[in-house]
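What follows is a short report on a single structure.
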Amino acid sequence: MLGNEAIARGAYEAGVKVSAAYPGTPSTEISENIVKYDEIYAEWSPNEKVAMEVAIGASISGVRAMASMKHVGVNVASDPLYTISYGGVNGGLVLVAADDPGLYSSQNEQDTRCVARAAMVPVLEPSDSQEAKDFVKFAYEISEKYDTPVIVRTTTRLAHSQGTVTLEERVEPQDKPYERNPAKFVMMPGNAIGRHLYVEKRMKAMAENGSNFEINKVEYNDTSIGFITSGIPYQYVKEACPNASILKLGMVHPLPKKLIEEFASKVEKLYIFEELEPVIEEQVKSWGIKASGKDIFTVQGEYSANMIREKVLNEKVDSKEPAQVPARPPILCPGCPHRSVYSVLNKLKIHAAGDIGCYTLGAVPPLNVIDTTVCMGASISTLHGMEKAKGKEYIKNWVAVIGDSTFLHTGVNSLMNMVYNQATGTVLILDNSTTGMTGHQDHAATGKTLKGEVVPAINIYELCKAMGIEHVVEVNAFDITELERIVKEEVARDAVSVIITKSPCVLLKGNVFPYKCKPVEEKCKKCGACLKPGCPALTKKPDGSIAIDDTMCNGCGLCEQMCKFDAIERVQA
């Protein structure tokens, strides 16, 4: 099983009844596997905060519940997370947080363990697919035993690697009765003071009892060298130093102090091998234990066995030269509707405050439109801040660009803020009918749930109108003449305006492409206008004319519209 698949299996075997998530690499496949188990209600929520609150509600009602998200999603969910740490649980409550060392698909490398320490929530960290399943089950045990939400921290390497998993039957824990308890679940100041004291006692108890948790394992071998490690880095230690003594921590917060002190006293040289922040290292050193960690290992990116060979064993590692393959720069797919939109903005020399999604690729050549990308929903708020800082004229050549799923995630609030605070500015909602970047998941405006059920779809146009925005217009993303006219008109307004470009993602299942684009060689002026949008299906031949790869082309017609000499035509596929 993939690590994510094993996490889903662990939720099933643990008797989870409710799962809520927002898609985000590397966590997405958890929910896509959970939904296969009919015993679990599973949903895509509009954002991670909502997903966390759904899981909290299910827990309070008395059933086991799970929320899943990537590490930056934990930021969005942190408000309810910090508070439910005080409140505790009724049914077991687990948050699966997927970190991304190496920045494979994220805007930062933040370490969820740091959030967990601040929120005073325990963290379990599996090192392979079998543990991914088992640790989820154990998380529910300690959640209910210690009255706490529990974070299961995974990483990209674990989430997307495979390992053999032994399956077990599902348990059906009896639903816990709900009893009204405002002192526990109503976090106003007077109640929170008492719960904070409880949380401190709870964390202390887990730290003491953790020395006896089976998931914290000691492997004594050659005691001249010892490692404290956890998660995927454990696999690198075993590969590079199979004979070393190892303390493998399954619970990385709170730390089992007695077990660590005992292990440290029995090894001559101690190394702490953990990816990203020195969370374990700083605590261990604060207890007066001598160890090497970030003084020789990096705080950036993924670790490897070779890192240990070089830094600990002083071995010279011969790194093979990477295979010489053609460069593959990040680029929008052939026929992507975002390319059409960006071509118009580029022509008009308009800057765009960008957002999180496939459309972030509008920042790179040859489109060069996106100037900023911060986090989900930030495009609209960023544009608003610019206008309030520099005035209305400053943003006459700026727009905000956001996708349909991201708009429903946190863009709605930002747009509401523009209306409320009497802003000006134009927002482009690139509606491609899916959550494209994470693998084409449905959302509230697609009309389908995670389980594939057909439901009423949120109408983004009507939602914008309901906010009191007078100027809202929908346009086909590939009608570049009309789109150009609309953009010019809307950015000139002294008001908030919204342009919704509607064209489905070309990779959506069921899409049928009846046309292909073909060059008409005798008409080609070799001007290169059709190449400006950067469609990978188009290439320039040695003589300067254009070739179109019909295995890539899906006949969107953008290149045809860019050509002023009728040197490209659309034909039946």
Side-chain angles (χ1 to χ4, degrees), residues 47 72 75-76 107-108 338-357 359-431 460-475 477 480-502 532:
N47 64 33
V72 287
N75 300 335
V76 182
Q107 63 266 46
N108 64 39
H338 303 333
R339 177 178 287 106
S340 178
V341 174
Y342 289 150
S343 298
V344 170
L345 296 180
N346 182 287
K347 177 183 177 182
L348 297 176
K349 294 181 170 54
I350 288 178
H351 300 266
D355 227 293
I356 303 295
Y359 46 89
T360 308
L361 292 172
V364 299
L367 297 167
N368 298 311
V369 170
I370 298 293
D371 282 24
T372 70
T373 299
V374 181
C375 64
M376 298 283 281
S379 57
I380 301 173
S381 304
T382 301
L383 181 69
H384 175 71
M386 291 177 176
E387 189 258 348
K388 294 305 181 183
K390 290 292 188 71
K392 298 176 181 178
E393 288 303 315
Y394 180 80
I395 61 166
K396 289 301 183 184
N397 67 333
W398 278 83
V399 295
V401 173
I402 191 168
D404 46 333
S405 180
T406 311
F407 176 70
L408 296 176
H409 179 280
T410 34
V412 173
N413 292 2
S414 301
L415 185 57
M416 193 186 310
N417 183 60
M418 286 186 72
V419 176
Y420 173 61
N421 285 299
Q422 301 296 289
T424 59
T426 300
V427 175
L428 271 69
I429 302 175
L430 310 184
D431 185 356
I460 294 177
Y461 176 91
E462 295 295 340
L463 181 59
C464 294
K465 296 293 286 187
M467 292 185 198
I469 302 172
E470 180 180 353
H471 306 288
V472 183
V473 59
E474 293 181 328
V475 60
I480 61 174
T481 301
E482 179 66 1
L483 179 57
E484 181 177 339
R485 182 194 70 78
I486 290 172
V487 169
K488 288 179 178 177
E489 185 176 288
E490 296 306 321
V491 296
R493 293 190 187 279
D494 188 16
V496 175
S497 62
V498 175
I499 302 170
I500 305 171
T501 62
K502 293 183 69 67
K532 288 183 178 179

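The figures here come from the full heavy-atom set of this structure, side chains too, leaving out hydrogens, waters and symmetry mates.
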Shortest non-hydrogen contact from [X] to [Y]?
X      : Y      : answer
Thr372 : Met386 : CG2-CE, 4.2 Å
Tyr342 : Tyr359 : OH-O, 2.7 Å
His471 : Arg493 : CE1-NH1, 3.1 Å
Val472 : Cys464 : CG2-CB, 3.9 Å
Val491 : Lys488 : CG2-O, 3.6 Å
Val427 : Met418 : CG2-SD, 4.0 Å

Does the side chain of [Y] come within less than 4.5 Å of [X]'s, by heavy atoms?
X      : Y      : answer
Phe407 : Leu463 : yes
Asn413 : Met416 : yes
His409 : Val76  : yes
Lys349 : Asn397 : no
Met376 : Asn47  : no

**Request:** Go through the steps to decide whether Ser343 and Leu367 satisfy the test side chain to side chain contact (heavy atoms under 4.5 Å, CB included), and finish with yes or no.
**Result:** CA-CA 7 Å; Ser343 298; Leu367 297 167; 4.1 Å; yes
Show me the donor-acceptor pairs, under 3.5 Å and distance only, between side chains in residues 398-405 and residues at least two apart or in other chains.
residue: Asp404; atom: OD2; partner: Ser433; partner atom: N; Å: 3.0
residue: Asp404; atom: OD2; partner: Thr434; partner atom: N; Å: 3.2
residue: Asp404; atom: OD2; partner: His443; partner atom: NE2; Å: 2.9
residue: Ser405; atom: OG; partner: Tyr22; partner atom: OH; Å: 2.8
residue: Ser405; atom: OG; partner: Thr435; partner atom: OG1; Å: 3.0

**Message:** Let's go through His338 and Leu361 carefully: what are the C-alpha distance in whole Å and the side-chain angles of both, what is the deciding distance for side chain to side chain contact (heavy atoms under 4.5 Å, CB included) to 0.1 Å, and is it a yes or a no?
**Reply:** CA-CA 9 Å; His338 303 333; Leu361 292 172; over 6 Å; no
Is there a donor-acceptor pair closer than 3.5 Å between any side-chain N or O of [X] and the backbone N or O of [Y]?
X      : Y      : result
Ser414 : Gly377 : yes
Lys388 : Asn421 : yes
Asp355 : Ser379 : yes

Could you tell me the separation between the [atom1] atom of [X] and the [atom2] atom of [Y], rounded to the nearest 0.5 Å?
X      : Y      : atom1 : atom2 : value
Ile380 : Thr426 : CD1   : OG1   : 11.5 Å
Thr501 : Leu483 : OG1   : CG    : 7.0 Å
Ser340 : Leu430 : OG    : CG    : 10.5 Å

**Request:** Go through Leu428 and Glu490 one step at a time and tell me if the side chain to side chain contact (heavy atoms under 4.5 Å, CB included) criterion holds.
**Result:** CA-CA 10 Å; Leu428 271 69; Glu490 296 306 321; over 6 Å; no
**Message:** Which residues pass the side-chain contact (heavy atoms from CB on, under 4.5 Å) test with Glu474, not counting sequence neighbours?
**Reply:** Tyr461, Ile500, Lys502
**Message:** Test of understanding: with side-chain contact (heavy atoms from CB on, under 4.5 Å), list the residues that count as partners of Ala378, not counting sequence neighbours.
**Reply:** Val374, Cys375, Thr382
**Asked** Do Arg485 and Glu482 meet the salt-bridge criterion of a basic N to acidic O distance under 4.0 Å?
**Response** yes
**Asked** Between Glu393 and Lys396, is there a side-chain N and carboxylate O pair less than 4.0 Å apart?
**Response** no
**Asked** Is there a side chain to side chain contact (heavy atoms under 4.5 Å, CB included) between Asp494 and Lys392 once you walk through the steps?
**Response** CA-CA 8 Å; Asp494 188 16; Lys392 298 176 181 178; 3.2 Å; yes
**Member of Ile350, Leu345, Val341 meeting the side-chain contact (heavy atoms from CB on, under 4.5 Å) criterion with Val369** =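 Considering Ile350, Leu345, Val341, a side-chain contact (heavy atoms from CB on, under 4.5 Å) with Val369 is found only for Leu345.
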**Neighbour count above 12 (heavy atom, 6.0 Å) for Lys465 NZ** =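 It does: Lys465 NZ has more than 12 such atoms within range.
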